[in-house]
Every structure is written in structure tokens, then in C-alpha cells.
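Report on one structure; see the data block that follows.
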Amino acid sequence: MDSIHVRGGQPLNGRIPISGAKNSALKLMAAALLTDGELKLTRMPDLADTRFLTILLTHLGASVQAGPGVMKIHADTLARTEAPYDLVRKMRASFNVLGPILAREGQARVSLPGGCAIGARPVDLHLQALKDLGAEIDLTEGYVVASAKGGLKGARIHFPFVSVGATEHAMLAAVLAKGETVLENAAREPEIADLADCLNAMGAKVEGAGRSTIHITGVERLSGTTHAVVPDRIETGTFALAAAAAGGKVLLEEAIPEHNESLWKLMRAAGVQVTSVEGGIEVSRNGHPVLAVDAETRPYPGFPTDLQAQFMALMTRAEGTSVIRETIFENRFMHAPELSRMGANITVRGNEAIVRGVKTLRGAPVMATDLRASVSLVIAGLAAEGETVIGRVYHLDRGFERLEDKLKACGADIDRRQE
Ligand code: EPZ
């Protein structure tokens with residue numbers, strides 16, 4: 001199994017190209033199932049998760065061609081309407097094929113995804129949205145069996161709380177439903193707007209994505225198109241926090257400043273310089289100490305749960321005490337004990353982590369159970385004395401494209417080894 005070795009103490013200086021967003025790319029790939037035309041995705045990240053979804057799309061009968069930064073998906077006809085357990089349990093985003101298959105074929109059988117390391121993550125809101133659109137849903141033997149004999153019908157769908165996946169899933173199904181759909185209390189993440197842009201380029205009529213109420217007028221068919229995946233705001237934030245932790249100055253190329261306003265506010269309060277420049281965002285910290293700042297995760301435009309672990313890594317060496325509250329997932333502090341093994345002073349109480357800044361972190365062997373937690377350990381390693389060895393690197397590979405190459409190009413002393 002691969003591990004990543006980081007020898008800390010080197011500042012980061014240089015340019016980091018930001019890849020397309022994993023969490024958008026996966027939904028855009030599912031959208032390709034809605035049309036018999038070809039969907040060409042550019043700025044497409046090459047990740048374990050996108051490769052994994054490729055296997056599922058191929059299983060369903062799509063032809064998928066991937067090259068550097070590009071993926072072409074052509075689901076001329078669907079060979080199957082079933083997504084089996086083995087192909088869904090390893091990656092929850094696979095569940096999003098349910099809506100498109102159902103909308104196109106009038107039936108679908110898709111395995112329930114099951115729990116995951118950061119929380120229970122039920123899919124009740126996804127299923128309720130499909131029921132509102134007229135689907136009959138049965139749960140049998142761990143599968144969702146859905147049918148809509150006369151086709152899906154537009155509906156008013158009110159989400160009781162904000163869910164990114166359920167909002168996207170409802171959009172993916174409603175674009176081919178008969179009549180009007182209104183999504184209320186919809187998620188507002190940039191990935192939602194990106195999905196809407198792609199669907200509209202395919203011929204859909206989606207208005208208001210990025211706001212709490214989304215209006216969709218169903219159309220009879222969608223066609224192929226070319227769409228550039230939105231730059232990854234979580235990768236952007238991760239490298240910004242890495243530069244803040246290690247010191248130095250990096251230009252995050254193609255990053256969209258507005259997509260991370262909540263993070264920039266916290267980082268500026270912590271004494272880090274963040275500047276919008278031509279072609280991206282510049283982040284620098286030269287000599288200034290990091291100050292402790294409190295943070296609370298919230299749906300967009302709030303501070304994202306997907307940056308909570310990385311922010312905690314920065315706070316471990318801050319001057320003062322920071323309280324970090326996680327409100328989206330119930331079990332998303334697994335990085336805290338690993339950071340503590342490196343000398344951090346963190347107390348977890350329920351959904352709060354109290355981080356008392358220490359002067360020095362020391363390298364250690366560590367591992368984590370999810371993607372963002374793993375990368376927080378890389379950030380801590382960059383700022384630590386000595387060597388940090390991060391195990392279970394497959395978590396990182398799910399969502400970060402060429403992570404160690406990008407860091408190495410900016411001066412980090414980091415490499416990957418096969419043990
Ligand atoms: C997406 O997950 C992302 N994943 C997550 O990124 C991200 O952390 C999350 O949104 C929040 O921003 C992808 O896009 C593939 P939710 P999602 O539905 O859609 C509960 C990463 O590291 N809920 O907004 O699953 C749920 O349990 C990943 O890249 C229900 O109760 O998140 C959670 O507590 C991790 N019932 C809350 O809502 C439902 O039917 C928000 O989840 C759906 C969700």
C-alpha cells in the first residue's frame with residue numbers, strides 16, 4: 001500500500017494549477033446518462049472516484065473515453081437499469097445514477113449506498129424527491145427499486161434541510177419530467193450551478209440554481225454538449241491552507257475567489273494574506289504568526305465541512321485557542337486524534353473541537369479514514385518538524401489530482417512510496 005512521506009519546514013512558493021471539482025465532475029458524469037448524445041467534459045480531474053464511476057457508467061452501457069483533462073461519455077442506449085451493490089458501496093456518489101436512469105427508462109434498480117466513515121448519510125431526501133416526482137419506490141434486499149410507468153411528473157419539492165446530493169438528484173430527474181418542478185430550500189453550492197449550466201447546455205430548462213429556489217421546466221429530450229467542470233473550491237482551499245501553514249506565497253491558478261469567501265474571511269482574520277489576482281488567487285504568509293480563529297461548518301455560502309479538517313491543521317499552531325464546530329456530519333473529527341499524535345492539543349466535545357495552538361508539531365506516522373482528513377495530515381506534515389508518514393493514501397487519491405507533484409513543484413519535500 002502506498003504512503004506519503006513529508007519532511008516539514010519548507011515554505012511553499014510557486015503556482016498551483018487547480019483541477020476541476022470532483023464533487024461536480026461526479027454529478028456531471030451521471031448527467032451523461034440523460035442523453036443519447038455525447039457529453040464532453042473538459043477540465044476533467046483524473047481521480048480514483050471518477051475512474052470508479054467510469055466503471056459503473058460502462059456497466060450501464062455508456063462508452064467512456066478519458067484523456068488528460070477530458071472525458072467523453074456517450075450513453076447512446078442504456079444496456080441495463082441496475083447499479084449493483086459492489087459498484088455503489090465503494091462510492092456514494094454512484095447513487096446519483098438512480099434519477100437519470102429512472103427519468104430516461106422509467107425504471108431503475110440501484111443499491112443503497114450504506115453508511116460511511118464521516119456519518120450515517122441516509123438518502124431519505126433523495127428518495128422523497130423522486131417520490132414527489134411520481135416515482136414508485138420500494139426498498140428490497142438493500143436495493144431501491146424505482147418505477148415511473150407514465151414518466152416522471154413535475155412537482156413542488158420542499159427539502160426539510162439543505163442537502164447537496166438530494167438537490168442534485170432532484171435536478172437530474174426533474175429535467176426530463178413532464179411539466180414544472182420547483183425545488184425549495186435547495187442547496188446553493190457552486191457545484192449545483194455547474195450542474196445546471198451543463199444541463200441547460202444539453203437543452204434543459206433550469207433557472208435559479210445557486211439560489212434557494214430552483215425552477216425546472218421538463219423537456220422531452222436532452223442532447224450532447226461540451227462543458228468545462230468548475231474549478232475545485234475545496235482543492236483551492238486546501239492549497240491555500242497548506243501555504244498558510246507552511247508559509248510562503250502561492251498562486252492558485254484558475255481558482256474562483258467568490259467560491260471561497262467564507263474561508264478567505266477566516267484566513268484573513270488569522271493573519272494570512274489572500275488576494276484576488278489576474279488568473280487566480282494569491283495566498284501568502286511570510287513571517288507573521290497565525291492567529292486562532294473560531295469556525296463553524298455550514299451549507300454554502302457558509303464555511304464548508306470539506307475544509308474543516310484542513311482548517312484545523314492550520315489552527316494547531318495558531319497563537320491562542322480556536323473552537324471548530326462541525327454541523328453537517330456527525331462524525332467528522334477523525335483527524336483530531338491523528339493531529340494530536342503530531343503534538344497538537346485538541347479536545348473534542350460532541351460536535352466541537354477545541355484547538356489550543358502549540359509552538360511545534362512533530363512528524364509521526366499517521367493515517368486517516370477519509371479524504372479531507374488525510375489531506376489535513378499532509379498540511380500538518382508540511383508545518384511539522386521531521387518526517388510525517390501518511391498511510392492509506394487511497395483516500396487522498398479519491399479526490400486530489402497529483403497532490404504531491406503540485407506541492408513538490410512549490411518546494412515541498414514530499415514523496416510517495418510503495419511499502
Ligand atoms: C456532498 O455530500 C459532498 N459529496 C460531500 O463531500 C460534502 O461534504 C457534502 O456534500 C456537504 O457539502 C459529493 O458531492 C459527492 P449532503 P452529500 O446531502 O451530498 C444529511 C468529500 O469529502 N442527509 O449535503 O452526501 C447527511 O447525512 C465529500 O468530497 C440526510 O439526512 O451531502 C448530512 O448530515 C464528503 N438525508 C447532511 O444531510 C439525505 O437524504 C448534508 O449532506 C441526504 C443527506
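Atoms within each ligand, like the ligands themselves, are counted from 1 in listed order. Note that the coordinates shown come from a computational prediction; the quantities given were computed from them, not determined experimentally.
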[X]: heavy atom below 4.0 Å from ligand 1, yes or no?
{"X": "T167", "answer": "no"}
{"X": "Q128", "answer": "no"}
{"X": "Y300", "answer": "no"}
{"X": "P122", "answer": "yes"}

So, [X] and [Y]: side-chain donor and acceptor under 3.5 Å apart, yes or no?
{"X": "S212", "Y": "E184", "value": "no"}
{"X": "Q310", "Y": "S376", "value": "no"}
{"X": "R332", "Y": "T305", "value": "yes"}
{"X": "E282", "Y": "T275", "value": "no"}

Given [options], which has its nearest heavy atom closest to [atom]?
{"atom": "atom 35 (C) of ligand 1", "options": "R398, E189, H126, R332", "value": "R332"}
{"atom": "atom 2 (O) of ligand 1", "options": "R121, K22, M91", "value": "R121"}
{"atom": "atom 33 (C) of ligand 1", "options": "V164, I192, I328, V123", "value": "I328"}

[atom]: which protein heavy atom is closest, and how many Å away?
{"atom": "atom 22 (O) of ligand 1", "value": "R372 NE, 2.9 Å"}
{"atom": "atom 23 (N) of ligand 1", "value": "F161 CE1, 3.8 Å"}
{"atom": "atom 15 (C) of ligand 1", "value": "N23 OD1, 3.3 Å"}
{"atom": "atom 36 (N) of ligand 1", "value": "D124 OD1, 2.6 Å"}
{"atom": "atom 32 (O) of ligand 1", "value": "F329 CZ, 4.0 Å"}
{"atom": "atom 19 (O) of ligand 1", "value": "G165 N, 2.7 Å"}

Looking at ligand 1, does any of its N/O atoms fall within less than 3.5 Å of an N/O of [X]?
{"X": "D370", "value": "no"}
{"X": "R92", "value": "no"}
{"X": "T305", "value": "no"}
{"X": "E168", "value": "no"}
{"X": "D306", "value": "yes"}

For this session: Determine whether the side chain, the backbone, both or neither of S163 has a heavy atom under 4.0 Å from any heavy atom of ligand 1.
Result: both
Exercise. What do we get for L125 next to ligand 1 when only non-hydrogen atoms under 4.0 Å count, side chain, backbone, both or neither?
Worked result: both
Using every non-hydrogen atom in the two residues, find where [X] and [Y] come nearest and quote the distance to one decimal.
{"X": "D194", "Y": "S24", "answer": "OD2-OG, 2.6 Å"}
{"X": "G99", "Y": "H169", "answer": "N-NE2, 2.8 Å"}
{"X": "L183", "Y": "T167", "answer": "CD1-O, 4.0 Å"}
{"X": "P231", "Y": "R43", "answer": "CD-NH1, 3.4 Å"}
{"X": "G203", "Y": "V219", "answer": "O-CG1, 3.6 Å"}
{"X": "V88", "Y": "S111", "answer": "CG1-O, 3.5 Å"}

Exercise. What atoms of ligand 1 come closer than 4.0 angstrom to any heavy atom of I118?
Worked result: 35 (C)
Problem set entry | ligand 1 atoms in contact with K27 (distance to a heavy atom under 4.0 Å) | 13 (C), 14 (O), 15 (C)
Problem set entry | Pair Y85 + Y143: ring centers closer than 6.0 Å | no
Exercise. Can a salt bridge be assigned to the pair R51 and D46 using a cut-off of 4.0 Å between side-chain N and carboxylate O?
Worked result: yes
For this session: Give the C-alpha distance, both sets of side-chain angles, the deciding distance and a yes or no for side chain to side chain contact (heavy atoms under 4.5 Å, CB included) between D370 and S374.
Result: CA-CA 6 Å; D370 87 283; S374 304; over 6 Å; no
